[in-house]
*Asks:* 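Could you have a look at this structure, given as C-alpha cells, before my questions?
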Protein chains: 2
Amino acid sequence: MAQITPTPIRLQEALYELMWHQSYGRVTIDAICERAGVRKGSFYHAYPDKATLAIEAFEFAWKNEAKPWLDDAFSPSEAPLTRLANWLDGGLQKTLQCQQEHGKVYGCPLFNVGSELSTLEPTVAEKVVEILRRNRRYIMTALRDAQAEDLIEIDDADEVARDVLTLVEGALTQARISNSADPIRRLPLSVGRLIGALIPRPSNLTVS
Amino acid sequence: MAQITPTPIRLQEALYELMWHQSYGRVTIDAICERAGVRKGSFYHAYPDKATLAIEAFEFAWKNEAKPWLDDAFSPSEAPLTRLANWLDGGLQKTLQCQQEHGKVYGCPLFNVGSELSTLEPTVAEKVVEILRRNRRYIMTALRDAQAEDLIEIDDADEVARDVLTLVEGALTQARISNSADPIRRLPLSVGRLIGALIPRPSNLTVS
DNA sequence: ACGCTACTTGACTAATTAGTCAAATCAAGC
DNA sequence: GCTTGATTTGACTAATTAGTCAAGTAGCGT
C-alpha cells in the first residue's frame with residue numbers, strides 16, 4: 001500500500017490519541033493497528049512493544065505540536081507576562097475546541113499517562129519527565145524576563161517555574177477528572193496569585 | 001472460612017492498594033481475589049464489577065484513613081496556617097515512609113485513578129470528585145480562619161482553596177511520575193507563595 | 001526485466017481474563 | 001439436630017489479547 005504517511009508515524013499518532021482519550025492500559029495493540037489502518041505484523045515490524053511506541057509518540061507530538069505552539073506563545077517578542085497569558089489562553093482554547101468536538105475534556109496526555117505508567121513502565125515515565133522539563137524552561141525564561149523588567153518579585157525563577165507548571169498540570173488533571181474546562185479557565189487568576197502579579201489579556205488569538 | 005475481616009472489606013482493601021501502586025486498568029479481578037485471599041465466585045457475589053468495588057474502596061479509605069487524618073491535621077485547636085503545615089508535613093512523612101518501604105512514590109490514589117478513569121468509568125470519577133471536594137473544605141476552613149485572623153490577605157477563600165488543592169495534587173502527581181519526594185518537600189514554600197504567607201513548622205509530628 | 005531488500009499480510013498459537021454456575025459449606029434460629 | 005438462607009468454592013466457558021511466522025508484495029537500483 002502506498003500510504004501517504006509512513007507506518008511508524010501512523011502508529012504513533014494512533015497510540016497518542018487513543019491513550020490520551022482513554023488510557024494507556026486500555027489501548028490494545030489491535031486497537032492501535034485498526035486506527036492506524038495497519039496489520040499487527042506491521043506493528044511488530046516497526047516496534048518491539050507498546051511502550052517503545054509510546055515514547056516515540058510523545059517525542060513526535062512534542063516536535064510537531066507542542067514545541068511549535070510553545071515557541072509561538074512564549075515568543076520573546078511579547079511582554080513576559082503576556083507570554084504566560086498566551087500559553088494559558090491557548091490551552092483553554094484547545095480544550096474548548098476539543099470539548100465541542102468530543103464532548104470531553106482530556107487534560108494533558110503527558111501528565112495522565114505519566115502518572116498511570118510511573119510504576120509500570122519507567123522508560124515511558126522518564127520520557128514524560130523529560131518533556132515536562134522542556135515545558136518548564138519556557139516558563140522559567142518568561143519569569144526571569146518578568147523579574148528583570150520588575151513586573152514580578154520572586155526569589156528563585158526556577159522554583160516558581162516549577163510551581164507554575166505544577167499548578168497548571170494539576171488544573172488540567174482536575175479538568176479531566178471533572179470533565180469541565182472550569183479549572184483551566186481559572187488558571188490566569190491562579191497563576192497570577194502564585195507569581196504575585198496580574199496576568200494580562202493574551203495577545204495571540206490563533207488556535208491550531 | 002471464619003475470616004477476621006469480612007469479604008467485601010478485604011476486596012476493597014485489596015483493590016485500593018493494588019490500583020494505587022499499579023493502576024486501575026492493570027489490576028485484574030484475579031489479582032484482587034488473590035490478594036484478598038478469596039475466590040472469584042465470592043467477588044461476583046459481593047460486587048457486580050470492578051468499578052463498583054472501586055467506588056466502595058474509595059469511600060472506605062476516606063472514612064478509615066483520610067478523614068481521621070484530616071480531622072487531626074486540620075483541628076481548629078491549631079492556628080490556621082499550622083493546620084496547613086500539619087497537613088503538608090503529614091503527607092510528606094507518609095510519602096517518605098512508603099518510599100522507604102517500597103522504594104516508590106505513589107502520589108495520591110484519588111488523582112491517579114480519577115485521571116485514568118474519567119473517560120472510561122464516569123461513576124468512579126464522580127466519586128473521586130466528591131472526595132476531592134471534601135478535602136477542599138478543610139483547606140477552605142483553614143484559609144477563612146487565617147483570613148479572619150489577618151494572617152493572610154485573600155479575596156475569595158473558596159477560590160484560593162481550589163488553587164491550593166490543585167497545587168498539592170499536582171505536586172503529588174509530579175512526585176509519582178518522577179518517583180521522587182522532592183515536589184512534596186517543596187510544598188510548604190509553594191503553598192506559602194500561593195497564599196502570600198509563610199507556612200510555619202508543623203505542630204503535629206505523628207505519622208500513622 | 002531482474003533481483004534484492006524492506007515491508008506487509010493473514011492466519012496461527014498460547015496465554016490471560018471476565019464472567020457463570022451447580023454443588024458444597026457455613027451460620028443462626030428454632 | 002434440623003432447616004433455611006447466605007456465602008464460598010472450584011471447575012467451567014467464551015472472549016480477548018499479545019505475539020509469531022511463512023508467504024506474499026511493493027519499490028528501488030541496475
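Order of the sequence lines fixes the chain letters, A, B, ..., with proteins taken first and strands second; residue numbering starts at 1 for each chain.
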*Asks:* Identify, with sequence neighbours excluded, every residue that meets side-chain hydrogen bond (donor to acceptor under 3.5 Å, both in side chains) alongside S75(B).
*Replies:*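 For S75(B), the residues satisfying side-chain hydrogen bond (donor to acceptor under 3.5 Å, both in side chains) (neighbours in sequence not counted) are S77(B).
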*Asks:* May I ask you to verify if any side-chain N or O of H45(B) is less than 4.0 angstrom from the OP1 or OP2 atom of dT7(D)?
*Replies:*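 For dT7(D), OP1 or OP2 has a side-chain N or O of H45(B) closer than 4.0 Å.
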*Asks:* Give a yes or no on this: more than 12 heavy atoms of other residues, nucleotides or ligands lie within 6.0 Å of atom CZ of R26(B).
*Replies:*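 Atom CZ in R26(B) is not crowded, with 12 or fewer foreign heavy atoms closer than 6.0 Å.
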*Asks:* Send over the distance from L11(B) CG to dT8(D) C1', rounded to a whole Å.
*Replies:*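 L11(B) atom CG is separated from dT8(D) atom C1' by 12 Å.
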*Asks:* So, Y106(B) versus N112(B): side-chain donor-acceptor pair below 3.5 Å or not?
*Replies:*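 No, because no side-chain N or O of Y106(B) sits under 3.5 Å from a partner of the opposite role on N112(B).
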*Asks:* Residues in ring-ring contact (aromatic ring centres under 6.0 Å, His included) with W62(A), at least two apart?
*Replies:*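 If we apply the ring-ring contact (aromatic ring centres under 6.0 Å, His included) test to W62(A), skipping adjacent residues, there are no hits.
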*Asks:* Is the centre of the W87(A) ring less than 6.0 Å from the centre of the Y138(A) ring?
*Replies:*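 Not close enough - the centres of the two rings lie 6.0 Å or further apart.
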*Asks:* So, using side-chain hydrogen bond (donor to acceptor under 3.5 Å, both in side chains) as the criterion, who are the partners of R193(A) when residues are at least two apart?
*Replies:*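 With neighbours one apart ignored, the set is D163(B).
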*Asks:* Between E116(A) and S23(B), is any side-chain donor less than 3.5 angstrom from a side-chain acceptor?
*Replies:*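 No, no side-chain donor-acceptor contact under 3.5 Å.
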*Asks:* I need the CZ-P distance between F43(B) and dT20(C), as an integer number of Å.
*Replies:*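 From F43(B) CZ to dT20(C) P: 11 Å.
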*Asks:* Below the 4.0 Å mark, does dT7(D) have OP1 or OP2 next to a side-chain nitrogen or oxygen of T7(B)?
*Replies:*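 For dT7(D), neither OP1 nor OP2 has a side-chain N or O of T7(B) closer than 4.0 Å.
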*Asks:* Residues of residues 117-124 of chain B with any non-hydrogen atom less than 4.0 angstrom from an atom of DNA chain D: list those, numerically ordered, please.
*Replies:*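 By residue number: none to list.
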*Asks:* Check whether any side-chain nitrogen or oxygen of R39(A) sits under 4.0 Å from OP1 or OP2 of dT8(C), and answer yes or no.
*Replies:*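 Indeed not, no polar side-chain atom of R39(A) lies that close.
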*Asks:* Residues in side-chain hydrogen bond (donor to acceptor under 3.5 Å, both in side chains) with E56(A), at least two apart?
*Replies:*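 Here the qualifying residues are Q12(A), Y47(A).
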*Asks:* Which nucleotides of nucleotides 12-19 of chain D have their base under 4.0 Å from a protein heavy atom (B), which only their sugar-phosphate (S), and which neither (-), written as one string 5' to 3'?
*Replies:* -----SBB
